[in-house]
Amino acid sequence: MSLPVQKNDRITVHIEDLTHDGAGVAKVDGYPLFIVGALPGETSEVHVMKTLKSFGFAKLIETITPSEHRVAPPCHVFDECGGCQVQHLSYEGQLLWKQQMVKNAMERIGKLNVPVLPVKGMDNPWRYRNKSQIPYGLQDGRVVGGFYKTRSHEIADTDICIIQSEEADDILREIKKVLSELGIMPYEEKTHQGMLRHVVVRKARATGEIMVVLVTRKKKFKEKEDAVAAIKRILPEVTSIVQNVNDEKTNVIFGEKTMTLWGKDTIKDLIGDVRFEISARSFYQVNPEQTEVLYQQALDYAQLTGEETVIDAYCGIGTISLFLAKQAKQVLGVEIVPQAIEDAKRNAEINGFTNTYFEAGPAEEVIPKWYKEGKTADVLVVDPPRKGCDEALLQTILEQKPGRVVYVSCNPATLARDLRILEDGGYVTREVQPVDMFPQTTHCEAVAWLELKK
Ligand code: SAH
């Protein structure tokens with residue numbers, strides 16, 4: 001069968017959508033072509049580079065009619081860096097596109113006709129990240145640091161990243177000099193040699209406390225004390241310097257061993273008026289300003305009067321649980337990582353909550369067990385990873401029928417799939433509110449409110 005386009009064709013196309021990588025999508029007689037740099041609504045001249053059976057790739061030659069939302073990307077490594085995908089789309093354009101993406105998922109995947117509200121965005125969608133994970137390496141004998149290129153482990157070398165904190169920029173830039181001065185070798189993936197793999201910088205928005213984590217291949221390295229002194233010099237505001245050891249050949253940033261080299265073991269932050277202690281490896285939302293918006297939305301949809309028992313599935317370090325605990329009779333949180341449950345318990349204690357209970361384990365096993373033990377919920381909150389809720393958990397919801405479900409999702413596709421299952425089992429989705437947690441990227445968070453049909 002011949003395809004509607006051939007390699008090396010030069011054609012004019014209309015861009016209809018964006019992929020998760022931020023590439024424009026055009027359809028030629030139904031055959032999708034992916035075009036890096038093109039935006040929805042544009043007419044573009046493209047050169048077909050590669051054709052596969054069900055899709056192909058083309059290069060943008062010229063934008064004939066630009067999108068009204070096209071802007072010049074402010075970052076100088078935007079074209080190479082995999083961190084941001086849509087800096088060439090105005091922020092208003094990003095929010096409109098994200099709303100449409102959620103709507104499309106609801107209609108196409110969920111076969112749902114539900115109100116998807118305009119995305120709640122940020123007033124200033126820059127410098128929002130509270131955590132930066134900076135890989136270092138060598139390129140042509142020169143120390144480089146920055147962020148990985150799209151789908152690659154090659155570093156896009158840069159001294160600034162305008163979605164992270166200015167303190168992280170200071171570290172990013174100065175550590176390059178420190179590595180050369182002290183003769184510390186950055187880690188090299190190919191040979192599994194070198195010492196410094198990543199530097200992770202975390203800043204607590206509410207208190208200003210800063211933790212710097214050096215991820216090294218070995219525990220011992222002779223320049224350690226000098227490195228600690230250098231970090232204190234670069235960033236006098238730092239409150240804790242931690243070392244994490246990772247000797248595996250892996251993409252995962254952190255290894256198992258963590259020790260404090262200087263200062264405190266954790267940094268303290270506030271979400272609303274709830275205090276959290278965050279250690280080097282804890283999962284913590286990266287956009288603190290929007291985290292409050294997201295959790296407030298979950299709280300609004302939960303409509304608590306003080307009489308309800310709430311289950312928070314996939315609770316992490318208990319952030320949503322404690323946010324809800326102020327207004328619930330009781331909150332039960334479950335999470336698969338035992339360390340996170342330890343953090344959740346401690347956070348509950350620090351804040352003086354006595355109406356929370358946390359248990360480690362898979363939500364799909366722990367929650368059915370709770371129901372058998374008579375621990376039932378009026379409201380169930382879920383905040384699963386990208387792959388969505390486990391099928392067994394959805395079945396438990398359908399059997400136990402809590403009156404209200406609040407679904408916090410970081411993936412509109414799995415959200416739509418799971419809402420369909422809950423709808424078929426007797427729930428109705430009242431509303432979906434997207435919240436922009438990740439400006440300049442294609443990531444999209446949304447909260448759905450479901451009620452059990454009477
Ligand atoms: N609600 C938290 C964390 C959300 S991230 C917050 O807002 O900070 C999703 C969490 O689900 C992660 O902490 C992950 O460890 C956890 N998780 C993944 N699979 C799980 C499962 N099967 N059961 C319980 N928790 C799980």
Side-chain angles (χ1 to χ4, degrees), residues 109-110 112 283 295 298-299 301-325 327-345 347-348 353-411 413-430 432 446-454:
I109 301 169
L112 284 164
F283 175 88
Y295 291 179
L299 184 62
Y301 282 157
Q303 297 164 59
L304 302 177
T305 65
E307 292 305 310
E308 296 81 3
T309 296
V310 183
I311 288 179
D312 180 14
Y314 309 91
C315 72
I317 62 166
T319 38
I320 295 181
S321 317
L322 300 189
F323 208 75
L324 300 175
Q327 304 196 20
K329 184 169 150 205
Q330 198 191 6
V331 178
L332 310 174
V334 55
E335 156 66 43
I336 203 158
V337 177
Q339 180 58 45
I341 286 293
E342 291 308 310
D343 288 349
K345 287 179 180 165
N347 287 325
F353 285 110
T354 52
N355 61 340
T356 55
Y357 172 81
F358 292 101
E359 192 169 324
E364 60 276 16
E365 289 173 20
V366 172
I367 294 174
K369 187 196 77 166
W370 282 349
Y371 275 103
K372 279 201 199 103
E373 293 167 4
K375 295 194 184 85
T376 65
D378 305 294
V379 179
L380 201 129
V381 177
V382 297
D383 183 10
R386 288 187 60 77
K387 67 176 195 277
C389 286
D390 192 277
E391 181 86 50
L393 176 63
L394 295 171
Q395 284 314 315
T396 303
I397 297 175
L398 296 180
E399 281 159 27
Q400 301 299 338
K401 300 193 178 351
R404 185 168 300 135
V405 175
V406 178
Y407 193 135
V408 182
S409 160
C410 56
N411 183 349
T414 54
L415 172 66
R417 178 201 68 196
D418 291 351
L419 292 184
R420 176 78 268 156
I421 296 172
L422 293 172
E423 291 252 344
D424 290 343
Y427 283 86
V428 54
T429 310
R430 286 287 174 77
V432 179
V447 191
W449 162 30
L450 295 96
E451 294 278 337
L452 186 64
K453 270 185 244 166
K454 289 282 165 349

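Positions are given from 1, in the same order as the sequence printed here. Bear in mind that the values here come from a model prediction, so they are computed numbers and not experimental data.
Thr309 has its side chain out of reach of Tyr357: every pair of non-hydrogen atoms, C-beta onward, lies at least 4.5 Å apart. With contacts defined as side-chain heavy-atom distances shorter than 4.5 Å, the pair Pro402/Tyr427 qualifies. Residues Ile421 and Leu398 meet the side-chain proximity criterion, which asks for heavy atoms closer than 4.5 Å. Looking only at side-chain heavy atoms (C-beta outward), Arg430 and Tyr301 stay at 4.5 Å or farther from each other.
Among the candidates Val406, Leu393, Leu394, Val408, the single residue satisfying the side-chain contact (heavy atoms from CB on, under 4.5 Å) test with Val382 is Leu393. Applying the side-chain hydrogen bond (donor to acceptor under 3.5 Å, both in side chains) test between Trp370 and each of Gln400, Glu359, Glu365 identifies Glu359 as the sole match. Checking each of Asn347, Asp343, Ile341, Asp312 against Phe358 for a side-chain contact (heavy atoms from CB on, under 4.5 Å) leaves exactly one that passes, namely Ile341.
Note that OH of Tyr295 and OG of Ser321 are 9.0 Å apart. Values are rounded to the nearest 0.5 Å. Interatomic distance, Ile317 CD1 to Leu322 CG, rounded to the nearest 0.5 Å: 8.5 Å. For the atom pair CG of Asp418 and CG of Leu450, the computed distance is 10.5 Å after rounding to the nearest 0.5 Å. Here the straight-line distance linking atom CD of Glu364 with atom OH of Tyr314 works out to 5.5 Å at 0.5 Å rounding. How far CG of Leu112 is from CZ of Arg417: 13.0 Å, rounded to the nearest 0.5 Å. Once rounded to the nearest 0.5 Å, the distance linking CG of Asp383 with CD1 of Ile320 reads 4.5 Å.
Considering every non-hydrogen atom in both Leu415 and Ala446, the closest pair reads CD2-CB, 4.2 Å. Across every non-hydrogen atom of Cys410 and Pro384, the tightest pair is SG-O, 4.1 Å.
Of the possible donor and acceptor atoms, one in the side chain of Thr414 sits under 3.5 Å from a partner among the backbone N and O of Arg386. For the pair Glu335 (side chain) and Val337 (backbone), a donor-acceptor distance under 3.5 Å is present. With hydrogens and angles disregarded, a donor-acceptor distance shorter than 3.5 Å links the side chain of Asn355 to the backbone of Ala328. Of the possible polar contacts, one joining the Glu308 side chain to the Gly306 backbone as a donor-acceptor pair under 3.5 Å is found. The closest donor-acceptor contact from the side chain of Arg404 to the backbone of Val379 lies at 3.5 Å or more, if one exists at all.
Every residue two or more places apart in sequence or in another chain was checked for a side chain to side chain donor-acceptor pair (under 3.5 Å) with Glu399, and none qualifies.
For the residue pair Glu423 / Thr429, a side-chain donor-acceptor distance below 3.5 Å is found, with atom types taken as modelled.
Counting heavy-atom neighbours within 6.0 Å of Lys387 NZ, excluding the residue itself, gives a total of 12 or less. Sparse packing is recorded around NZ of Lys329, with 12 or fewer heavy atoms of other residues, nucleotides or ligands lying under 6.0 Å away.
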